[in-house]
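Just so we're clear, the structure is a prediction, and the values are computed from it rather than from any experiment. Computed from heavy atoms alone, side chains included, the values below leave out hydrogens, waters and symmetry copies.
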Amino acid sequence: MSTAKQEPERRRPPYRYLFQRRISAIDHRRPQRWNWAVLVRPLDHSLVRSAPQPLERQHLRGLRYFWLDGLFSAISDNFYLGFITLFALAYGASNSQIGTLTAVANLLGALSFLPGARLVERIGRRKSVVVWTGGGFGRLALLALALLPFVVSRPEWAILAIIALNGLRAFLANLGNPAWTAIVADLVPELMRGRYFGSRNMAMGVAALAVAPLAGRLIALLNGQGGRPVLGYQAAFFLAFAFGLVATASYQRMPEPQAAVKTVTTTAKGGWRQALGLQPAFVGLVISAFIWNLSLQVAAPFFNVYLVKNLGATTALVGLVASISSLTALVGQRVFGRLLDSRGAIWVQRLTGLLIPGLPLAWIFISEPWHVGIINTFGGFLWAGYNLANFNLLLEMTPEAQRPRAVAVYQTVVFVSAVLGPLLGGYLADSVSFKLIFGLSGGGRLLGTLVFLWLTLRRKDEG
């Protein structure tokens, strides 16, 4: 009798016990697993220490592969995101076309969220939606961009193709966002989110720190080789595709967590609106996010363009100054991850939201490319805290029973503002100056923070 009772405990003990005994006991007998254990041991130590309760084997495995997905996704993104506008610029794109490039991607992204939420409700398997949308077909657009110069030779057609492929990638990536966010909410325990996402974001920051200058240098070295003026961009986008596939494979190996609350499907037009109305703080978060992101996107697509066209920076220097923000973001992840757990997400977003508006204002006064490094030193640190807090607020304030739709509503509003911002910024940059849009961006971000403090905090108290 006693043996029968103890047998399940020996076969399925808490992972805290498994971690302490099995890795040290097995690694020397199975050398083929040693490198893997060394890679994930620091992560496992961190997860075990910060977990509010002992983690089961499958739960820890899911957290580990989600962490690896973030790492390889960051490598992929940093071979691509900072250079897509410069790729279009290499074909002679105007400021208005650069604005259109970003606006089209944001428009298609905005149109994808609600269909993505309905897709989750219809299929019921959230991980499959993520893997096949942004993780699968979405990353094929990166391969298409790498092959584009072999297919299209006329610059005007190439610019249109870049806009279309960038938009397609954005649509597919954001189609899976409601499913991705719903999985995260069930995968990462609330009491350890600050430290876990701090660790994950730090790994992503290290990747950005290494990859961004490498990509810039690669582009500078290969452009023009063999009579191909954009060969460097092709190589960078192919590497973005390759590392993106590794990220997708990591995500695929992650066990899908069971939903804490069953998703409620609403077919009536007012059903999901009524559900969101039960979370007044969430409504305030959405309104303030619209103002903040509209102001952000007025200037965001044009920082690197201004750096190259007006300050004379090279692509290698663009990657280098980007790596500075990645470096200071590592410090920010560590600092704000702990503050998030101790002071709360609202406190962190309030602090960073009042300081970040000064960053675009500083662009008005710089005269040398290296000055951007000073701005990015503060920017990387502050944005690390802001993004960490904002994502946790989204998880906290969305109604659990309708989280995919609530996330879709939030992201749709954000992307609608991100459609208007680049179009307005491109027009003002061509007709007036870059410095005007930098000033508007700083003032608008401050307004968005003040609206957040007024609406979100007041509505949270009322809710």
Checklist outcome for this item: Applying side-chain contact (heavy atoms from CB on, under 4.5 Å) to Ala316 and not counting sequence neighbours gives Ala220, Thr314
Checklist entry - How many angstroms lie between CH2 in Trp292 and CG in Asn390, if you round to the nearest 0.5 Å? => result 9.0 Å
Next on the checklist: Would Arg350 and Phe452 count as a cation-pi pair here, with the cationic atom under 6.0 angstrom from the ring centre and within 45° of the axis?
Outcome noted: no
Next on the checklist: Does the plane of the ring in Phe303 sit parallel, tilted or perpendicular to the ring in Phe438? Use 30° and 60° as the thresholds.
Outcome noted: parallel
Checklist entry - Given the rule in the side-chain contact (heavy atoms from CB on, under 4.5 Å) test, do Trp363 and Val372 qualify, once you have shown the distances and angles that lead to the verdict? => result CA-CA 8 Å; Trp363 279 78; Val372 178; 3.7 Å; yes
Checklist entry - Hey, does the side chain of Tyr196 reach the backbone of Leu63 with a donor-acceptor pair shorter than 3.5 angstrom? => result yes
Next on the checklist: So, using side-chain contact (heavy atoms from CB on, under 4.5 Å) as the criterion, who are the partners of Ala322 when residues are at least two apart?
Outcome noted: Ala212
Checklist entry - Are Tyr251 and Trp132 close enough that their ring centres sit under 6.0 Å apart? => result no
Next on the checklist: Measuring from atom CG of Leu447 to atom CD1 of Ile291, what distance do you get when rounded to the nearest 0.5 angstrom?
Outcome noted: 5.0 Å
Next on the checklist: According to salt bridge (charged side-chain N to carboxylate O under 4.0 Å, His left out), does anything in residues 357-376 pair up with another residue at least two apart or in another chain? List the pairs.
Outcome noted: none
Checklist entry - About how many Å separate CG of Leu114 and OG1 of Thr412, when rounded to the nearest 0.5 Å? => result 4.0 Å
Item to check | Qualifying residues under ring pair (Phe, Tyr, Trp, His ring centres under 6.0 Å), relative to Tyr91, sequence neighbours excluded | outcome: Phe87
Checklist entry - Between CZ of Phe336 and CD of Gln349, what distance do you get to the nearest 0.5 Å? => result 11.5 Å
Checklist entry - Where the side chain of Glu256 meets the backbone of Arg126, is there a donor-acceptor pair that is under 3.5 Å apart? => result yes
Next on the checklist: Closer than 3.5 angstrom, by distance alone: can the side chain of Thr102 be matched with the main-chain N or O of Gly99 as a donor-acceptor pair?
Outcome noted: no
Item to check | Spatial distance of atom CE (Met204) from atom CZ (Phe197) [nearest 0.5 Å] | outcome: 10.5 Å
Checklist entry - Counting only heavy atoms not in Arg61, do more than 12 fall under 6.0 Å of its CZ? => result yes
Checklist entry - Distance only, no hydrogens: is a donor on one side chain within 3.5 Å (strictly under) of an acceptor on the other, for Ser441 and Arg445? => result yes
Item to check | Close side-chain approach of Ser433 and Leu436, heavy atoms under 4.5 Å | outcome: yes
Checklist entry - Are any side-chain N or O atoms of Lys127 and backbone N or O atoms of Gln252, one a donor and one an acceptor, separated by less than 3.5 Å? => result yes
Checklist entry - Is there a donor-acceptor pair closer than 3.5 Å between any side-chain N or O of Asn376 and the backbone N or O of Val321? => result yes
Next on the checklist: For Ile84 and Leu145: C-alpha separation, side-chain torsions, deciding distance, then whether side-chain contact (heavy atoms from CB on, under 4.5 Å) applies.
Outcome noted: CA-CA 9 Å; Ile84 184 63; Leu145 283 166; 4.1 Å; yes
Item to check | Between Ser96 and Asp430, a side-chain donor and acceptor under 3.5 Å | outcome: yes
Item to check | Plane angle bin for Trp383 and Tyr386 - parallel if under 30°, tilted between 30 and 60°, otherwise perpendicular | outcome: perpendicular
Checklist entry - Given Leu359 and Ile356, is the side-chain contact (heavy atoms from CB on, under 4.5 Å) satisfied, shown in steps? => result CA-CA 6 Å; Leu359 300 176; Ile356 285 176; 4.2 Å; yes
Next on the checklist: For Leu111 and Phe415: C-alpha separation, side-chain torsions, deciding distance, then whether side-chain contact (heavy atoms from CB on, under 4.5 Å) applies.
Outcome noted: CA-CA 9 Å; Leu111 295 175; Phe415 270 69; over 6 Å; no
Next on the checklist: Strictly distance-based, threshold 3.5 Å: is any side-chain N or O of Gln97 a donor or acceptor partner for the main-chain N or O of Ser94?
Outcome noted: yes
Item to check | Check: Gly109 main-chain N/O paired with Asn174 side-chain donor or acceptor under 3.5 Å | outcome: no
Checklist entry - Taking everything shown except Phe378 itself, do over 12 heavy atoms lie less than 6.0 Å from its CZ? => result no
Checklist entry - Does the side chain of Leu168 reach to within under 4.5 Å of the side chain of Phe137, using non-hydrogen atoms? => result no
Next on the checklist: Just verifying a value: how many Å separate Leu446 CG and Leu354 CG, rounded to the nearest 0.5 Å?
Outcome noted: 7.0 Å
Donor-acceptor pairs under 3.5 angstrom involving side-chain atoms of residues 70-81: please list them, not counting sequence neighbours.
residue, atom, partner, partner atom, Å
Ser73, OG, Asp69, O, 2.8
Ser73, OG, Asp69, OD1, 3.4
Ser73, OG, Arg139, NH2, 3.1
Ser76, OG, Ala240, O, 2.6
Asp77, OD1, Arg169, NH2, 3.3
Asn78, ND2, Ala74, O, 2.7
Tyr80, OH, Asn166, OD1, 2.3

Checklist entry - Is the backbone of Ala146 close enough, under 3.5 Å, to the side chain of Gln234 for a donor and an acceptor to pair up by distance? => result yes
Next on the checklist: Could you check whether Arg343 makes a cation-pi contact with Trp347, meaning its NZ or CZ is under 6.0 Å from the centre of the six-membered ring and within 45° of the ring axis?
Outcome noted: yes
Item to check | Under 3.5 Å donor-acceptor, Thr328 side chain and Ser325 backbone | outcome: yes
Checklist entry - Which residue pairs pass the salt bridge (charged side-chain N to carboxylate O under 4.0 Å, His left out) test when at least one of the two sits in residues 89-108, sequence neighbours left out? => result none
